[in-house]
Amino acid sequence: PESYNDLIYTVASFKGNNVAFYNVNGEKTNYKTDGDQLAVNQKIYLWNTKENKAELYYHVQNSLVYKTGAEDDRHDTAISNLYVKADDVAISGQKLTTLNTASEAEADSKLATNSEKAELTQAISDAASVKDSIKYRLDNWVDRSLYDQAVENAQTIAQDKNATKM
């Protein structure tokens with residue numbers, strides 16, 4: 001019989017001991033996690049400009065991870081934009097459909113125009129009123145942390161002249 005997690009989630013089981021997480025650009029990050037499984041919620045090709053190729057990844061579902069070197073402090077952080085390489089994990093549970101193709105990932109790696117950044121700029125300007133709202137203040141710390149991180153990421157992207165469409 002299937003486990004409850006397999007009926008509800010898509011679970012990535014790490015094939016080796018060296019778990020690597022990647023950012024949206026397919027670049028290795030310095031985040032770690034305990035355990036040998038994480039829930040994933042997207043299957044997507046990401047373009048790595050350094051290697052000039054697209055690879056298949058799974059998006060990690062809002063999981064608690066920590067930065068390398070922080071093992072003693074255990075300052076876990078809710079991270080919303082981490083990926084694991086498809087080759088590094090075995091998948092069980094709910095099946096995911098691939099969201100894009102390798103060539104679409106390459107196209108998304110092109111620089112974003114100012115008009116494409118306009119919606120992002122509007123969302124950033126709404127952040128103060130969102131944070132003042134009762135819904136935000138009463139939400140759990142993980143969701144608030146993820147929102148705050150998304151706004152911070154959006155501000156970085158909006159100011160980056162080399163930001164891509166993805």
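These numbers come from a predicted model, not from an experiment.
- In plain terms, the two heavy atoms of Ala20 and Lys28 that are nearest each other are CB-CE, 3.5 Å.
- Of all the heavy atoms in Asn23 and Leu46, the pair that sits closest is O-CD1, 3.7 Å.
- Here the straight-line distance linking atom OG of Ser103 with atom CH2 of Trp47 works out to 9.5 Å at 0.5 Å rounding.
- No side-chain heavy atom of Tyr45 sits under 4.5 Å from any side-chain heavy atom of Glu104.
- Separating the CD atom in Glu106 from the NZ atom in Lys53 is a distance of 13.5 Å, to the nearest 0.5 Å.
- Between Asp148 and Lys131 there is a salt bridge, since a side-chain N of the basic residue sits under 4.0 Å from a carboxylate O of the acidic one.
- One finds the CG atom of Asp126 at 11.0 Å from the OG atom of Ser133 (value rounded to the nearest 0.5 Å).
- Between Asn52 and Asn48, every side-chain heavy-atom pair lies at or beyond the 4.5 Å cut-off.
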I'd like a table of donor-acceptor pairs (distance under 3.5 Å, sequence neighbours excluded) in which one partner is a side-chain atom from residues 7-16, with atom names and distances.
{"residue": "Thr10", "atom": "OG1", "partner": "Gln94", "partner atom": "O", "Å": "2.6"}
{"residue": "Ser13", "atom": "OG", "partner": "Gln37", "partner atom": "NE2", "Å": "3.1"}
{"residue": "Lys15", "atom": "NZ", "partner": "Asp87", "partner atom": "O", "Å": "3.2"}

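- Between the CG atom in Asp88 and the CZ atom in Phe21 there is a gap of 10.5 Å [rounded to 0.5 Å].
- What you find for Ile91 and Val89 is that their closest heavy atoms are CD1-CG2, 3.9 Å.
- Paired with Tyr22 under the rule ring pair (Phe, Tyr, Trp, His ring centres under 6.0 Å), one option of Tyr83, Tyr57, Tyr58 passes, and it is Tyr57.
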key: Intermediate values then yes/no, side-chain contact (heavy atoms from CB on, under 4.5 Å), Ile44 and Thr98   = CA-CA 5 Å; Ile44 186 170; Thr98 307; 6.0 Å; no

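- In the hydrophobic clustering of ILVMFWY residues, with side-chain heavy atoms under 4.5 Å counting as a link, Leu82 and Val151 come out apart.
- Annotation: side chain of Lys135 is not in contact with side chain of Val130 (no heavy-atom distance under 4.5 Å).
- Atom CG of Leu138 has more than 12 neighbouring heavy atoms from other residues, nucleotides or ligands inside a 6.0 Å radius.
- Here the straight-line distance linking atom CD of Glu119 with atom CD of Gln122 works out to 9.0 Å at 0.5 Å rounding.
- Considering only residues two or more places apart in sequence or on other chains, Lys43 meets the salt bridge (Lys or Arg N to Asp or Glu O under 4.0 Å) condition with none of them.
- The distance from the NE2 atom of His59 to the CG atom of Leu38 is 11.5 Å, given to the nearest 0.5 Å.
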